[in-house]
Amino acid sequence: MNVLIIDDHPAQVDAYASIFELANDSVAFTFHKYSSLKDAYEFAIENEEAQEVDLAVLDLNMPDYKEMNLYSGIDLARILQKQMPHTELCFITSHSGALTLFDLYQEFQPAGILVKTDFDGAQLEAHFQDILNGRQTFSPT
């Protein structure tokens, strides 16, 4: 399974990859890890491997990539949907506003929306297991 992980905190990126491996140790994962909108955008646009990505996990709050009018993970998700239409999306965010979360759901119909204050490591592993088993998953918020 090819997983694209995008978060502006490199430690978070590595942690998410590790938790995926814990969630299902029988799956052979290939991770594409990025800590900036710019690098993730360039991967999606320029790298043929992007077409093989099964799941993209992305944070909403990311530093801008103004040159391409990317100001958040939402902006990047729109690009990913166009460039990689077969790729499932999972948002991990600190946003907990109902309207923001509802808009994410309405626009993207993602595999998951997870609010960071809603889960610990074990609960995140369970959410990732749901996604790997083809089930949508949402944290309580």
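Predicted, not measured: the structure shown is a model, and the values here were computed from it.
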Test side chain to side chain contact (heavy atoms under 4.5 Å, CB included) on D8 and D59; report intermediate values, then the result. CA-CA 8 Å; D8 58 323; D59 189 7; 3.5 Å; yes

Could you walk me through whether T137 and H127 pass side chain to side chain donor-acceptor pair (under 3.5 Å), step by step? CA-CA 6 Å; T137 189; H127 286 296; 2.6 Å; yes

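- Linking Ile, Leu, Val, Met, Phe, Trp and Tyr whenever their side-chain heavy atoms come within less than 4.5 Å leaves L60 and F102 in two separate clusters.
- Residue H95 holds its NE2 atom at 12.5 Å from CD1 of I113, rounded to the nearest 0.5 Å.
- With rounding to the nearest 0.5 angstrom, the CG atom of L4 is 6.5 Å from the CG atom of L80.
- The list of salt bridge (charged side-chain N to carboxylate O under 4.0 Å, His left out) pairs with a residue in residues 132-141, not counting sequence neighbours, reads D130-R135.
- Remark: the backbone N or O of V115 is paired with a side-chain donor or acceptor of S139 at under 3.5 angstrom.
- Taken from CG in L58 to OG in S72, the straight-line distance is 9.0 Å, to the nearest 0.5 Å.
- The shortest side-chain heavy-atom distance between N2 and H32 falls under the 4.5 Å cut-off.
- Here the closest heavy-atom approach between residue A56 and residue V53 is recorded as N-CG1, 4.4 Å.
- The CD atom of E88 lies 9.0 Å from the CG atom of D54; values are rounded to the nearest 0.5 Å.
- Side-chain atoms of I6 and M62, non-hydrogen and from C-beta on, do get closer than 4.5 Å to each other.
- Taken to the nearest 0.5 Å, the CD atom of E48 stands 11.0 Å off from the CZ atom of F43.
- Put simply, the side chain of N47 does not reach to within 4.5 Å of the side chain of E42, judged on heavy atoms.
- For the atom pair CG of N69 and CG of D75, the computed distance is 8.0 Å after rounding to the nearest 0.5 Å.
- Across all non-hydrogen atoms, the minimal contact from L76 to A40 is CD2-CB, 3.7 Å.
- Between S35 and D7, every side-chain heavy-atom pair lies at or beyond the 4.5 Å cut-off.
- Side-chain atoms of L104 and L89, non-hydrogen and from C-beta on, never get closer than 4.5 Å to each other.
- Ionic pairing of D39 and K33 is not present here: no N-O contact between side-chain nitrogen and carboxylate oxygen is shorter than 4.0 angstrom.
- Salt bridge status for R78 with E107: present, with a side-chain N to carboxylate O gap under 4.0 Å.
- Checking side-chain atoms of Q83 against main-chain N and O of E46 turns up no donor-acceptor pair under 3.5 Å.
- A heavy-atom distance below 4.5 Å is not found between the side chains of M68 and K38.
- Separation of the F91 and F108 ring centroids falls under the 6.0 Å cut-off.
- Side-chain atoms of Q136 do not come within 3.5 Å of backbone N or O of A111 as any donor-acceptor pair.
- F29 forms part of a hydrophobic cluster together with M1, V3, I5, V13, Y16, I19, F20, V27, F31, L55, V57, I92, L114, F119, L124, F128, I131, L132, judged by ILVMFWY side-chain heavy-atom separations under 4.5 Å.
- Residues I79 and Y71 fall into different hydrophobic clusters, defined by Ile, Leu, Val, Met, Phe, Trp and Tyr side chains chained together at heavy-atom separations under 4.5 Å.
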